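Atoms within each ligand, like the ligands themselves, are counted from 1 in listed order. Everything numeric here is computed off the predicted structure, so don't read it as measured data.
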Amino acid sequence: MSTKDKTMEKIVSLCKRRGFIYPSSEIYGGLNSCYDYGPLGSELKRSVKDFWWKSMTQTHTDIHGLDSAILMAPRIWEASGHLENFTDPLVDCKNCKSRFRQDHLNGATACPKCQGELTEARQFNLMFKTFMGPLEDAANTVYLRPETAQGIYVNYQNVMTTARAKLPFGIAQIGKAFRNEITPGNFTFRTREFEQMEMQYFVKPGEDDASMDRWKEIRRNWYDKLMINSEKLRFHEHQGNELAHYAKAAYDIEYEFPFGWSELEGVHNRTDFDLSRHQEYSGKNLQYFEESTKEKFIPYIIETSAGCDRSILCILCDAYSEEEERVVLRFAPFIAPVQVAILPLVKKDGLPDIMDNIANKLKKHYRVAKDVSGSIGKRYRRQDEIGTPFCITIDYESKDDNTVTIRHRDSMQQERISIDAIESYIEPALALPID
Ligand code: ATP
């Protein structure tokens, strides 16, 4: 096994052991490529979504939030092109029966596992189908949305009217999407049920190129704020065949995962394709009327489409660090699932009461854990392994002079500070970096 595979294996095992991510339906043997986020994972995911949401709607007063339904009118998927084109080319090995996406075979014509003969490629639609109501027939077929974006496009006029928005403006949405992927894998990187964080920015045609440049930069900076190693981030520009037929320009933000460079997020110039198609298929006029020039036109859309689960996986891989005597998750402190751990040296003599008093104060603003068992060294290691940026240790001196020791996860340095100064001490590191 290569070192990179081993790293991935260690991260998966830590995620399970410490309660970040479990295999789904585990007591029934699991369900292929489905995962559940445990106590620490769900806190981490919430923090990342909260950071994304606030980076969009709170930072930009021209971006409005939306939470649209997963089930939508089936005609939407005709208009969007998903019914016709949302397919992957599927090939099977006639010998070992392995299944591949032909476009992932890098031109190979034999099975990469056993060199067996491959079948002709068949186009396989990735949308999950289900039925609405008791009759399971074509007329009642509905789809689980394969992207959250269409919910935004079909609400563009609702949002514009109710928010009294004028171009340019954006609509942001976080939600589940479903794709019946042929080859899910690499832990949570490619799954069949996942969460997207999408923002669609509506602009006047002609202003799209500048808007695209702006959003590329904003979205790249977002990962910097999460303290992702910038040498492991890059843009990949879609060229030729890669570029979707409706896109004028498309860039992926990629991260170097232990299994290689892979897409985290797409930033796309989708032109007026989506709204024009919805205008055509719905029969509703979706043109924008610009009062100052009396012009009518269909806006262009710049899309920023990030995978929440892929962001989490990137954060975990980037934070994971093995050091001489410890494993540390070096999360950006503001997203750490536990931000402050409070550790009394002993379980008696009033030290746990001091712990409770500090915890009661801090928990109003921060994610706090209390840990009273095991040696202090062991407790530090436990907190390092889940990425807790600050540990506060209470000892006998604390009773006399109202001070505690505060330990930094990354440097392991310790300082003595007054209990009354804890909040102002940790606040700068834990504040959300939104501007
Ligand atoms: P890929 O080429 O990896 O299949 P895509 O180009 O089809 O991805 P988009 O349709 O642009 O992806 O989706 C936007 C984002 O949604 C992706 O950048 C990714 O973060 C996330 N995403 C897409 N498919 C999956 C999946 N199967 N599992 C987890 N996240 C996904």
Item to complete: Before signing off on this row, confirm whether Leu264 and ligand 1 have an N or O atom pair separated by under 3.5 Å.
Response: yes

Item to complete: Indicate yes or no: does Asp309 engage Lys45 in a salt bridge with an N to O separation below 4.0 Å.
Response: yes

Worksheet entry | Under 3.5 Å: N/O of Phe194 near N/O of ligand 1 | no

Practice prompt. Please say whether Arg310 places an N or O atom under 3.5 Å from an N or O atom belonging to ligand 1.
Written response: yes

Worksheet item: Nearest to atom 14 (C) of ligand 1, what protein heavy atom do you find, and at what distance?
Response: Ser305 OG, 2.9 Å

Item to complete: For Glu263, counting its heavy atoms only, list the atoms of ligand 1 lying under 4.0 Å from any of them.
Response: 2 (O), 6 (O), 8 (O), 11 (O), 12 (O), 17 (C), 18 (O)

Worksheet item: Can you name the side chain to side chain donor-acceptor pair (under 3.5 Å) partners of Thr304, sequence neighbours left out?
Response: none

Fill in: Option nearest atom 13 (O) of ligand 1 (shortest heavy-atom distance, choices His238, Gln196, Arg190, Glu147)
Gln196

Worksheet item: To the nearest 0.1 Å, how far is atom 21 (C) of ligand 1 from its closest protein heavy atom, and which atom is that?
Response: Gly307 CA, 3.7 Å

Practice prompt. Could you find the nearest protein heavy atom to atom 10 (O) of ligand 1 and give me its residue, atom name and distance?
Written response: Arg179 NH2, 2.9 Å

Fill in: SB check Asp435 Lys225 (cutoff 4.0 Å)
yes

Practice prompt. Check each atom of ligand 1 against the heavy atoms of Glu265 and keep those under 4.0 Å away; list them by number with element.
Written response: 18 (O)

Discussion item. Does any N or O of ligand 1 fall below 3.5 Å from an N or O anywhere on Thr191, backbone included?
Written reply: yes

Worksheet item: Where the side chain of Arg192 meets the backbone of Cys34, is there a donor-acceptor pair that is under 3.5 Å apart?
Response: no

Distance-only check: which donor-acceptor pairs under 3.5 Å involve side-chain atoms of residues 334-342, not counting sequence neighbours?
from, atom 1, to, atom 2, distance (Å)
Gln339, OE1, Arg367, N, 3.0
Gln339, NE2, Phe334, O, 3.3

Worksheet item: Just going by heavy-atom distances, which of Arg192, Glu181, His104 is nearest to atom 27 (N) of ligand 1?
Response: Glu181

Item to complete: Run through Phe273, Tyr153, Tyr300 and flag the one making a ring-ring contact (aromatic ring centres under 6.0 Å, His included) with Tyr246.
Response: Phe273

Worksheet item: Between Glu423 and Lys364, is the closest basic N to carboxylate O distance under 4.0 Å?
Response: no

Item to complete: For the pair Lys6 and Glu9, find out whether any cationic side-chain nitrogen is under 4.0 Å from an anionic carboxylate oxygen.
Response: no

Practice prompt. Starting from atom 29 (C) of ligand 1, find the nearest protein heavy-atom neighbour and note its residue, name and distance.
Written response: Phe189 O, 3.2 Å

